[in-house]
Colleague: 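Could you have a look at this structure, given as structure tokens, before my questions?
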Amino acid sequence: MVRSTYEKRVARQLLLILSPSLVLLLAFVIYPAVYSVYLSFTNEALTGAAALNPRFVGLRNYSRLLNDAKFWNSLFVTFVFVVGSAIIGQFVLGLISAIMLRRNLAFKQLFSSIILLPNAAPEVVAGFMWISMLAGGENATLSRIVMFFGMTPTDWLQTFPLTMIIVVNTWRGIATAMILLTAGLSTIPSEVYEAARMDGANPSQIFRRITLPLMMPTILLYMLISAVSTIAVFGLVYALTRGGPGGATEVISIYIYNQSFTAFQLGYGAAVAVVALVISLILGIAYVRAMKVQV
């Protein structure tokens with residue numbers, strides 16, 4: 001009886017401590033998500049008759065997006081952006097950085113500072129920094145570099161728009177990958193590596209048969225976090241290209257913004273946002289199932 005009373009008191013104290021976080025979660029995550037689902041079933045708009053008198057339209061917005069070529073283009077662009085930036089670029093470079101930091105480097109502090117530095121700049125600031133590097137003309141930084149080697153300068157954001165935003169987002173995300181993967185590497189006992197070396201395993205075999213399998217839970221967690229966060233990237237892409245040219249970099253977050261605040265169709269934009277939310281939830285469920293397999 002005494003233990004039950006004590007547990008109830010601890011539970012009430014924990015609830016009291018967590019209540020500010022729960023209120024913020026309700027106000028800025030749960031309520032907007034629920035309201036977006038509601039909006040997706042209406043013809044809510046910022047202008048016109050629908051702005052004065054919005055009405056319930058059922059699944060009309062979802063039916064429309066299934067037949068919208070621009071929506072499917074935004075999904076394809078988002079897929080390429082996520083795979084190229086989060087799954088390939090950030091993961092590979094982050095893993096290499098994590099492995100290098102585990103070794104006795106002469107300039108380890110400087111190396112880690114260089115990797116972490118991009119996170120110090122907000123998305124929009126980083127976007128404008130890269131615009132000065134990638135813009136056309138002879139005064140752009142990258143143009144000066146290629147001219148030094150006798151190559152013709154170009155407007156990189158117009159010629160290779162999707163590749164450029166992948167490069168910039170990779171640059172910003174290496175630090176997160178490095179930190180998370182370094183934590184995963186630190187959980188592997190050194191005795192395992194010593195035993196493998198005594199058995200005659202070379203570095204490649206150790207990496208493929210020991211490091212990667214033991215780090216798989218961390219890698220899966222990183223893949224989930226990076227994929228979901230990359231799907232939500234908005235400020236960086238908007239600052240660099242605003243989704244252009246011709247929709248070449250119109251990731252789904254930019255498409256939602258354009259439909260909601262450029263075309264003024266809040267209901268349709270909310271429907272696209274709900275689809276993006278469902279995709280993120282599917283990724284989360286896939287991660288949970290994969291973790292059960294790992295366990």
Colleague: Of the non-hydrogen atoms in Ile254 and Gly243, which two are nearest, and what is the gap between them?
Modeller: CG2-CA, 4.0 Å

Colleague: Do the non-hydrogen side-chain atoms of Ser260 and Tyr268 ever get within less than 4.5 Å of each other?
Modeller: no

Colleague: Provide the full list of ring-ring contact (aromatic ring centres under 6.0 Å, His included) pairs with a residue in residues 208-267, sequence neighbours left out, each pair given once.
Modeller: Phe234-Tyr238, Phe234-Tyr257, Tyr238-Tyr257, Tyr257-Phe261

Colleague: Should we say atom CZ of Arg209 is surrounded by more than 12 heavy atoms from elsewhere, each under 6.0 Å from it?
Modeller: no

Colleague: Give, for atom CG of Leu18 and atom CG of Leu25, the distance between the pair rounded to the nearest 0.5 Å.
Modeller: 11.0 Å

Colleague: Quick check for you: to the nearest 0.5 Å, what is the distance between Glu123 atom CD and Leu240 atom CG?
Modeller: 10.0 Å

Colleague: Take Thr187 and Met215, measure what side-chain contact (heavy atoms from CB on, under 4.5 Å) needs, and give me the verdict at the end.
Modeller: CA-CA 8 Å; Thr187 62; Met215 281 189 63; 5.9 Å; no

Colleague: Which value, rounded to the nearest 0.5 Å, describes the distance between Thr159 atom OG1 and Met164 atom CE?
Modeller: 9.0 Å

Colleague: For Met178 and Leu116, what are the C-alpha separation, side-chain angles and deciding distance, and is it a side-chain contact (heavy atoms from CB on, under 4.5 Å)?
Modeller: CA-CA 9 Å; Met178 181 188 71; Leu116 292 170; 4.1 Å; yes

Colleague: Hey, could you give me the CD1/CD1 distance between Ile219 and Ile87, rounded to the nearest 0.5 Å?
Modeller: 12.5 Å

Colleague: Which heavy atom of Ala270 sits nearest a heavy atom of Ser36, and at what distance?
Modeller: CB-O, 3.4 Å

Colleague: Distance from Ile188 atom CD1 to Leu185 atom CG, nearest 0.5 Å?
Modeller: 5.5 Å

Colleague: Just verifying a value: how many Å separate Thr249 OG1 and Leu157 CG, rounded to the nearest 0.5 Å?
Modeller: 8.5 Å

Colleague: Are any non-hydrogen side-chain atoms of Leu75 and Phe71 less than 4.5 angstrom apart?
Modeller: yes

Colleague: Let me see the working for Thr211 and Tyr193 under side-chain hydrogen bond (donor to acceptor under 3.5 Å, both in side chains), right down to the final yes or no.
Modeller: CA-CA 9 Å; Thr211 303; Tyr193 290 120; 2.9 Å; yes

Colleague: Quick check on Phe28: does its CZ atom have over 12 non-hydrogen neighbours (other residues, nucleotides or ligands) under 6.0 Å away?
Modeller: no

Colleague: Can you list every ring-ring contact (aromatic ring centres under 6.0 Å, His included) pair that touches residues 161-184, not counting sequence neighbours?
Modeller: Trp130-Trp171

Colleague: Any link between Ile206 and Leu212 through a network of hydrophobic side chains (Ile, Leu, Val, Met, Phe, Trp, Tyr) touching at under 4.5 Å?
Modeller: yes

